[in-house]
Amino acid sequence: MAKRTKIKDILKGGFEGQEVTVKGWVKTFRNNQFIALNDGSSMSNLQIVVDFENEDPSKLKRITTSAAISIEGTVIASQGKGQAFEVTAKTIEILGDSDPEKYPLQPKKHSLEFLREIAHLRFRTNTFNAVFKIRHHLAIAIHQFFHEKGFVYMHSPIITGSDAEGAGEMFKVTTLPFDKTPRTEGGEVDFKKDFFGKATNLTVSGQLEAELAALAFSEVYTFGPTFRAENSNTSRHLAEFWMIEPEVAFADIHDNMDLAEALLKYTISHVVENCPEELAFLEQRLSDEEKQKPQHERSDMTLRDKLNFCVNNEFQRLTYTEAIEILKNSNPNKKGKFQYPINEWGADLQSEHERYLVEKHFNKPVILTNYPKEIKAFYMRMDDDNKTVAAMDILFPGIGEIVGGSQREERLDKLMARMDEMHIPHHELEWFLDTRRFGTCPHAGFGLGFERLVLFVTGMTNIRDVIPFPRYPGSAEF
RNA sequence: GCUUCCAUAGCUCAGCCGGUUAGAGCAUCUGACUGUUAAUCAGAGGGUCCUAGGUUCAAGUCCUAGUGGGAGCGCCA
């Protein structure tokens with residue numbers, strides 16, 4: 001095949017006067033003369049100038065929106081105003097036709113809901129080009145951050161034999177036939193006959209496995225798909241999502257907060273530096289959206305303002321107890337504006353409370369720590385007061401909880417006592433308890449929801465629009 | 001799972017108090033134009049008004065149920 005020059009490189013300059021071959025998909029074909037060509041290397045299109053008077057009219061008719069074409073031609077300084085360079089076509093080859101009567105995308109704004117229904121084609125839009133480029137850069141930045149710090153990237157299993165991870169409903173993994181499942185004498189499903197010889201599920205968290213590795217490598221992280229079979233119907237939950245879970249030995253909750261804050265700032269500023277074109281586009285998109293909203297709901301910060309603000313300011317750290325005091329004395333609580341009024345210590349915080357703290361009271365990312373033990377998981381380290389645990393949640397404006405983590409309970413007796421209180425059978429987790437038997441040490445970690453980070457950085461509002469093929473209740477298309 | 005809003009052309013939407021043959025912009029097709037920038041201009045085609053019941057002389061419009069979608073809530077990352 002003829003060597004292809006990427007459109008991104010041509011637009012950068014330095015090709016003037018050269019013969020090139022470019023390939024891509026037609027965005028628009030104007031005036032029977034100008035092709036806007038895109039190959040995905042850049043959000044910007046390359047203008048191809050066609051000598052229509054000397055070109056086969058039947059071929060010109062096949063240059064339709066989203067047709068794949070190959071052009072040989074010369075790079076010249078553009079005679080038009082919209083771009084610095086363009087290519088005058090010498091030969092045009094149609095690689096793949098696109099029937100304009102049937103192709104659903106037009107050169108105009110489409111609703112995100114419509115594009116979600118044609119997720120296989122939405123990659124060809126500017127918005128999703130930008131979103132998935134940023135998603136890529138965030139993933140790379142995460143690996144880079146941990147690699148530079150000497151963390152070991154650990155692959156935790158996707159199929160798990162443990163049903164005690166405690167992070168929600170799980171998807172069953174089985175090869176047993178549904179119509180005639182083998183039964184034990186007691187009438188229960190006999191999982192001894194199943195593929196793994198036991199009941200298995202898709203993982204809801206790689207944390208417990210990451211802890212095992214952390215107590216050997218000191219610093220590890222996982223980054224992989226995670227599954228929750230919850231019937232969650234919101235703009236920030238998915239049934240299949242990607243999660244980053246670092247786990248660090250010889251670290252306490254403060255080290256944990258420092259790590260999470262540094263990770264978020266590093267990845268966000270990586271995107272600010274490396275994706276200026278994509279951010280500029282999404283910023284414009286967002287401000288157009290905001291113009292549709294009533295005045296009081298509009299944000300006075302642009303997307304890049306928000307990102308820079310987040311990078312340049314300390315996250316607000318406070319304890320659950322302090323947060324309850326603020327909420328108790330807040331105007332909306334006094335005026336009865338909260339759907340769930342805050343009366344006493346111990347109440348679980350609702351999203352209206354989190355939003356008040358983050359978006360109204362502090363107006364910046366907030367790290368909440370030391371929650372009551374009753375509303376947190378069994379593995380979190382008990383504080384000296386025996387009432388709270390060393391948990392930490394990071395709350396972001398517009399997103400809510402983006403990180404959930406804790407210092408882990410490293411003391412065997414205390415850990416087992418908590419398991420008993422929460423009715424978690426020890427035999428399921430003997431392997432986990434072994435880490436507390438053989439060289440236990442203080443350690444901490446957290447889970448970062450990757451799509452929630454992508455949501456924040458792109459300024460998108462529905463999590464289904466920041467993962468290529470979203471899975472949620474009632475939907476597993478493509 | 002709960003609350004609430006929505007469903008009319010390929011897309012985005014209008015359609016008044018229930019009353020004639022359901023409209024617009026964009027897209028598509030035909031023609032014109034030929035340095036355009038979501039090109040422009042002229043014309044044409046395009047409808048199971050989500051589905052099923054019901055009320056009524058008459059339903060896109062009102063009622064009930066279902067389906068699908070959005071937003072909010074819960075579960076959480």
Side-chain angles (χ1 to χ4, degrees), chain A residues 27-36 44-53 60-61 64-66 76 78-83 86 88 98-118 125-126 165-169 204-207 223 225-245 260 292-293 297 338-340 348-355 375-377 393-396 399-405 446-456 461-467 472-475 477:
Chain A
K27 276 281 169 96
T28 61
F29 185 30
R30 286 185 294 269
N31 216 8
N32 211 23
Q33 192 176 7
F34 303 101
I35 303 169
S44 306
N45 303 319
L46 176 66
Q47 173 151 292
I48 309 293
V49 185
V50 179
D51 181 10
F52 64 95
E53 280 165 327
L60 292 177
K61 288 205 66 152
T64 58
T65 305
S66 231
I76 60 164
S78 179
Q79 296 176 36
K81 284 197 180 115
Q83 56 284 313
E86 62 192 21
T88 50
S98 175
D99 184 347
E101 302 243 28
K102 292 182 181 147
Y103 184 68
L105 294 173
Q106 307 163 30
K108 74 162 207 177
K109 197 168 149 48
H110 288 287
S111 68
L112 293 171
E113 292 80 15
F114 172 65
L115 292 172
R116 213 172 287 149
E117 288 170 19
I118 51 166
T125 64
N126 290 333
E165 287 165 13
E169 288 297 309
V204 292
S205 164
Q207 179 199 317
F223 185 177
T226 312
F227 307 87
R228 304 273 166 93
E230 302 285 348
N231 190 11
S232 299
N233 293 288
T234 79
S235 54
R236 53 185 194 285
H237 288 86
L238 290 166
E240 177 184 282
F241 64 101
W242 289 65
M243 187 153 64
I244 297 98
E245 294 179 285
Q292 311 293 319
K293 290 187 192 165
E297 285 177 28
F338 284 143
Q339 199 187 333
Y340 298 88
D348 207 349
L349 299 184
Q350 308 294 321
S351 38
E352 59 180 346
H353 308 132
E354 296 180 350
R355 270 211 312 278
I375 57 174
K376 287 292 177 184
D393 286 0
I394 303 185
L395 311 175
F396 261 39
I399 312 287
E401 186 176 346
I402 195 167
V403 163
F446 60 86
L448 165 63
F450 185 54
E451 282 76 16
R452 290 189 180 173
L453 177 60
V454 183
L455 261 188
F456 179 73
T461 49
N462 193 313
I463 202 163
R464 296 167 187 180
D465 295 327
V466 298
I467 189 167
Y472 49 94
S475 183
E477 293 301 306

For nucleotides [N] and [M], find the distance between their [atom1] atoms and express it as a whole number of Å.
N     : M     : atom1 : answer
B/G18 : B/A27 : P     : 36 Å
B/G15 : B/G23 : C1'   : 7 Å
B/C17 : B/C62 : P     : 10 Å
B/A14 : B/G31 : C1'   : 30 Å
B/U4  : B/G10 : P     : 32 Å

Phosphate-side-chain proximity, [X] and [N], N/O vs OP1/OP2 below 4.0 Å:
X      : N     : result
A/S111 : B/U12 : yes
A/R236 : B/C73 : yes
A/T234 : B/C75 : no
A/R116 : B/G70 : yes
A/R452 : B/C76 : no
A/N31  : B/A39 : no
A/R355 : B/C73 : yes
A/R30  : B/U36 : no
A/Q350 : B/C73 : no
A/N45  : B/A38 : no

For a quick check of understanding: with a heavy-atom distance under 4.0 Å over all strands, which category does [X] fall into, base, sugar-phosphate or nothing?
X      : value
A/N233 : base
A/T28  : sugar-phosphate
A/E101 : sugar-phosphate
A/T226 : nothing
A/K61  : sugar-phosphate
A/F114 : sugar-phosphate
A/L238 : base
A/S351 : sugar-phosphate
A/K109 : base
A/E86  : base
A/P104 : nothing
A/K27  : nothing
A/G447 : sugar-phosphate
A/Q47  : base

Quick one about [Y] and [X] (side-chain donor to acceptor, distance below 3.5 Å, no hydrogens or angles considered), yes or no?
X      : Y      : result
A/Y103 : A/S66  : yes
A/S78  : A/Q47  : no
A/K27  : A/N126 : yes

Are A/K376 and A/D393 ion-paired here, with the side-chain N under 4.0 Å from a carboxylate O?
-> yes

Distance (rounded to the nearest 0.5 Å) between A/L60 CG and A/Q33 CD = 10.5 Å

What's the spacing between A/F450 CZ and A/I402 CD1 if we round to 0.5 Å?
->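 Result: 10.5 Å between the selected atoms.
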
Any N or O donor-acceptor pair under 3.5 Å from the base of [N] to the side chain of [X]?
X      : N     : answer
A/S232 : B/C76 : no
A/H237 : B/C76 : yes
A/Q79  : B/G35 : yes

Mind checking who [N] pairs with, Watson-Crick or G-U wobble, both distances under 3.5 Å?
N     : answer
B/A7  : B/U67
B/G1  : B/C73
B/G35 : none

Quickly work out the A/L115 CG to B/U12 P distance and round it to whole Å.
->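 From A/L115 CG to B/U12 P: 9 Å.
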
Is B/C17 syn or is it anti, if syn means the base angle is within 90 degrees of 0?
-> syn

Does A/R464 count as lying over the ring of A/Y472, i.e. NZ or CZ under 6.0 Å from the six-ring centre, within 45 degrees of the axis?
->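 The answer is yes; both the distance and angle limits are met.
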
Toward the 5' end of RNA chain B, which comes first, A/G449 or A/E117, by nearest nucleotide?
-> A/E117

If you find the nucleotide of RNA chain B closest to A/L448 and the one closest to A/Y472, which residue's nucleotide is nearer the 5' end?
-> A/Y472

Does the aromatic ring of A/F241 sit over the six-membered base ring of B/A77, closer than 5.5 Å centre to centre and tilted less than 30°?
-> yes

